[in-house]
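See structure below.
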Number of protein chains: 2
Amino acid sequence: METSNLKKAGLKVTLPRMKILEILENSETRHLTAEAIYRELLDSGEEIGLATVYRVLTQFEAAGLVCRLHLEGNQAVFELERGGHHDHIVCNQCGRVEEFFDETIERRQREVAQHHGFAIKDHALVLYGDCTDSACPHRPA
Amino acid sequence: METSNLKKAGLKVTLPRMKILEILENSETRHLTAEAIYRELLDSGEEIGLATVYRVLTQFEAAGLVCRLHLEGNQAVFELERGGHHDHIVCNQCGRVEEFFDETIERRQREVAQHHGFAIKDHALVLYGDCTDSACPHRPA
DNA sequence: ATAGAAATGAGAATCTTGATCATCTGAGCG
DNA sequence: CGCTCAGATGATCAAGATTCTCATTTCTAT
Ligand SMILES: [Mn+2]
Ligand SMILES: [Mn+2]
Ligand SMILES: [Zn+2]
Ligand SMILES: [Zn+2]
């Protein structure tokens, strides 16, 4: 597995960390709350505390293994850091999350920041709307 | 004053609501936390509870009088809804907030959402960076 | 001025996340 | 393989932000 990433980050390879990585890698939902990960651990029969989940996720974030997003609710969601940066679209009805990357938007952000005398370091962009997924409760029958 | 806005929104014209509107209108800082508004009320000698501040701000938001932003900290900030939509740049060092509007970004957001089968309703965009304001503690002397 | 509906204030409650600290575990070494 | 101890864990407590509860007060309409 990716225990090498843990070692590279200077983190001991422990059972909780491996299990949490596993869930982040294998869950069909790419964006998970700490609580959701905790519940999956319980369902797998692992006796791992919620505090550990939060702690480990924060460490993973600091190590660049995951990124933390605030999509809308009161809970942060975490996703495995694969390859590149992207932003998100969230369905107001069903909560489905789609990812996108738009170079035009990225470039304009840099330009806007420069015009205002800012050295841009980061940004957060989330679009909210109604999706047309057949499972979305909002979609007309 | 703008008590007419309150009536239009179906809200009774009460002292707490008027005072809170007043602060939102007159504060030199356009983006205020509920706590900041609460403190200004106390400083003005008004005996208004923090719960009322939160309650009223939520009602103002529902009425379209203010909008609520999550800029970075754990506290939401509120700003009076004047004229048009805009997005924000926040300085990582001094917390200064600048506003901007970029039609190119707005258009690309609509296009991206459409490509993904979303009817876009809203969006949140915040840029983070280091500002060059002379008062910013980060700026080299 | 009066009455009733709506709003307020004090404090409790909730929710999410981080801190404490005694106990446990994994990586390195003999 | 078994020992040692820095580092990690888990149970619990704590903190911060926001909402809820409910008795009391204040608007608005008569
Ligand atoms: Mn993502
Ligand atoms: Mn603004
Ligand atoms: Zn949907
Ligand atoms: Zn600054």
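Numbers restart at 1 for each chain; the letters A, B, ... are given by sequence-line order, proteins then strands. Just so you know, these numbers use all the heavy atoms, side chains as well, and skip hydrogens, waters and symmetry mates.
- Following rounding to the nearest Å, Ile48(A) (CD1) and dC24(C) (P) show an atom-to-atom distance of 17 Å.
- Between the side chain of Ser44(B) and the backbone N or O of Glu46(B) there is no donor-acceptor pair closer than 3.5 Å.
- Regarding Gln75(A), its CD atom lies at a distance of 15 Å from the P atom of dT18(D), rounded to whole Å.
- When atom types are taken as modelled, the side chain of Thr33(A) and the backbone of Ala36(A) share a donor-acceptor pair closer than 3.5 angstrom.
- Distance Leu71(B) CG to dA17(D) P: 15 Å, rounded to the nearest Å.
- In terms of phosphate contacts, Thr58(A) brings a side-chain nitrogen or oxygen within less than 4.0 Å of OP1 or OP2 of dG18(C).
- Here the nucleotide nearest the side chain of Arg68(B), chosen from dT9(D), dT17(C), dT19(D), is dT19(D).
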Whether each nucleotide of nucleotides 22-30 of chain D has a protein heavy atom under 4.0 Å at its base (B), only at its sugar-phosphate (S) or at neither (-) is summarised, 5' to 3', as ----BBS--
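- Counting any heavy atom pair closer than 4.0 Å across all strands shown, Ala76(A) reaches sugar-phosphate atoms only and no base atom.
- Contact annotation: Tyr54(A) does not reach the phosphate of dG18(C) (side-chain N/O to OP1 or OP2, under 4.0 Å).
- Checking dT9(D), dA11(D), dA10(C) against the side-chain heavy atoms of Ala51(B) singles out dA10(C) as nearest.
- Rounded to whole Å, the distance from CZ on Arg17(A) to P on dC24(C) is 19 Å.
- Using modelled atom types, one finds a donor on one side chain and an acceptor on the other under 3.5 Å when comparing His85(A) with Glu106(A).
- As a whole-Å value, the separation of Phe60(B) CZ from dT18(D) P is 17 Å.
- Residues His116(B) and His88(A) place their aromatic rings such that the two centres sit no closer than 6.0 Å.
- The backbone N or O of Gly117(B) lies less than 3.5 Å from a partner atom in the side chain of Thr132(A), making a donor-acceptor pair.
- Note that the two end axes of the helix from dA1(C)-dT30(D) to dG30(C)-dC1(D) enclose an angle of 30°, each drawn from 5 base pairs, rounded to 10 degrees.
- With respect to Arg30(B), the salt bridge (Lys or Arg N to Asp or Glu O under 4.0 Å) criterion is satisfied by exactly one of Glu99(B), Glu81(B), Glu98(B), Glu25(B): Glu99(B).
- As rounded to whole Å, 10 Å separates atom P of dA17(D) from atom CG of Leu50(B).
- The closest side-chain donor-acceptor pair between Arg55(B) and Thr58(B), if any, does not fall under 3.5 angstrom.
- At whole-Å resolution of the value, CD in Glu72(A) and P in dT16(C) are 13 Å apart.
- Of the possible polar contacts, one joining the Arg17(B) side chain to the Lys12(B) backbone as a donor-acceptor pair under 3.5 Å is found.
- As a whole-Å value, the separation of Glu61(A) CD from dG18(C) P is 9 Å.
- Distance CD/Glu111(B) to CD1/Ile120(B): 11.0 Å, rounded to 0.5 Å.
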